[in-house]
Amino acid sequence: MVPMRASILKKVKRIVIKIGSRVLTGDENGLDHAFIARLAAETASLRQQGRQVIIVSSGAVAAGKRELGIEGRPKSIPQKQAAAAIGQSRLMRAYEEDFGRFGHKVAQILLTRDDLANRRRFLNARATLDTLLDFGVIPVINENDTVVVDEIKFGDNDNLSALVTNLAEAHLLVILTDIDGFYDSDPRANPDAKLIHLVKSITRETERAAGDSGSSVGTGGMVTKLAAAKKAGQFGVPTLMLNGTVPGILTEAFAGREVGSLFLPARESLNRRKHWIAHTLRPSGRVIVDDGARAVLSRQGKSLLPSGVIRVEGEFDRGACVRVCGADGVEIARGVVDYSHAEIERILGHRSNEIEAILGYKYGDEIIHRDNLVVL
């Protein structure tokens, strides 16, 4: 037993478990029912310990493509969506049957990025999750592949799991993959690669060590898993990366044994709203600021005033999320604007007390209030 790990896991009451396609399907020929049965048993054990579990599940496309006679990765979006439409029901049936043997009910929740980008729908989704958990139901979340398009796509379920961690106010993100954890190099290419059991912080060196790897089954690789751990960490949540193909791995991990890789959360975490702004909203444009504004934003976390804005790029309305960039084009912050692009173009470079005289009205002194601004 590792004291630090045991101490962290002892406090965990709500867990998000992300299951990758290569774990859930085993190969390209459909669902691995033996794995789902093991997962149900280990989840039942976690529930007996008083922990709540939310599952972010891949596998719908992999489960459905066999029925359509598709080999390898679907070659078009309609093929993927058709496979997902067939696979979702098969996936949920498998969860219902195996979890039902332990007396647990499951509920399907399908999301798109647009669902979480809309603040009202975000809060509604959170309320639904809380209610299901209060009733003892295990939510099974997946991206709504049947209707999703690029503009509202999460990108991969690793990213989705990190966003669900914020949505559900979870205490731990568990990523089940098909390797033993995070290595200092790709273990498939380098037999001398070393497993790193504890990652105290995700640095540029850590990110460089994450060699991307894909398959015809899933969409993510180690890069996306590291990005998910980083996003969860910025919400103050640790991430545990485990080999989901190993029987009993969840039981071992929650017994405090040193299996897989534990990523510690960031020392300074974002609150729920700022995490939502930084990672869930999709920026609509860019606001370019001068060096003085850049220094004030980066070092002091102040609001962005019109006097520090040089120019605006892109078209967006009031309430949109934008990138805030220095004159060199480097993104330094992200935030929700109080004025549209057309309004900012008219007031940029001016003092806040001149806004009403220029526009004929005034929403506030700031282009972006500090409560709606996340410094990157």
* Who passes ring-ring contact (aromatic ring centres under 6.0 Å, His included) against Tyr183, sequence neighbours left out? ->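 None.
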
From [X] [atom1] over to [Y] [atom2], what is the distance, rounded to the nearest 0.5 angstrom?
X	Y	atom1	atom2	result
Met4	Leu262	CE	CG	8.0 Å
Ile277	Asn372	CD1	CG	4.5 Å
Leu264	Lys200	CG	NZ	8.0 Å
Ser352	Leu305	OG	CG	4.5 Å
Ile141	Ile55	CD1	CD1	10.0 Å
Leu176	Leu250	CG	CG	5.5 Å

Between [X] (side chain only) and [Y] (backbone N and O only), is there a donor and an acceptor less than 3.5 Å apart?
X	Y	answer
Ser340	Asp317	no
Arg119	Trp276	no
Ser261	Gly181	no
Arg286	Glu331	no
Arg5	His197	yes
Tyr339	Glu345	no
Asp184	Lys194	yes
Ser269	Ala266	no
Arg346	Ile358	yes
Asn157	Leu160	no

* Can you check side chain to side chain contact (heavy atoms under 4.5 Å, CB included) on His350 and Ile355, steps first, answer last? -> CA-CA 7 Å; His350 290 274; Ile355 294 176; over 6 Å; no

Considering residues, nucleotides and ligands other than [X], do more than 12 of their heavy atoms fall under 6.0 Å from its [atom1]?
X	atom1	value
Glu315	CD	no
Tyr361	OH	yes
Arg14	CZ	yes

* **Salt-bridge criterion met for Lys362 and Glu356 (N-O under 4.0 Å)** => no

* **Short N-O contact, Asp371 and Arg273, less than 4.0 angstrom** => no

* State, without any angle test, whether Gln234 and His279 hold a side-chain donor-acceptor pair at a distance under 3.5 Å. => yes

* Side-chain H-bond candidate by donor/acceptor type, Thr112 with Asp115, under 3.5 Å -> yes

* To do: Spell out, yes or no, whether Ile17 and Val259 are grouped together once hydrophobic residues are joined by side-chain heavy atoms under 4.5 Å, including indirect joins.
  =>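 Same cluster: Ile17 reaches Val259 through Ile, Leu, Val, Met, Phe, Trp or Tyr contacts under 4.5 Å.
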
Quick one, [X] and [Y] - any side-chain contact, counting heavy atoms below 4.5 Å?
X	Y	value
Val237	Pro265	no
Glu42	Val53	no
Ile70	Gln79	yes
Val337	Glu343	no

* **Pair Leu39-Asp98, side chain to side chain contact (heavy atoms under 4.5 Å, CB included): steps then yes or no** => CA-CA 9 Å; Leu39 176 68; Asp98 285 311; over 6 Å; no

* Pick from Leu116, Thr280, Leu123: which one makes a side chain to side chain contact (heavy atoms under 4.5 Å, CB included) with Leu167? ->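 Of the listed options, the one satisfying the test is Leu116.
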
* To do: Write out all pairs satisfying side-chain hydrogen bond (donor to acceptor under 3.5 Å, both in side chains) with one or both partners inside residues 162-175, taking only residues at least two apart or from two chains.
  =>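 Residue pairs with at least one partner in residues 162-175: Asn166-His275, Glu169-Arg272.
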
* Hey, could you give me each pair passing salt bridge (Lys or Arg N to Asp or Glu O under 4.0 Å) that has a residue in residues 230-253? Not counting sequence neighbours. =>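 Those involving residues 230-253 are Glu207-Lys230.
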
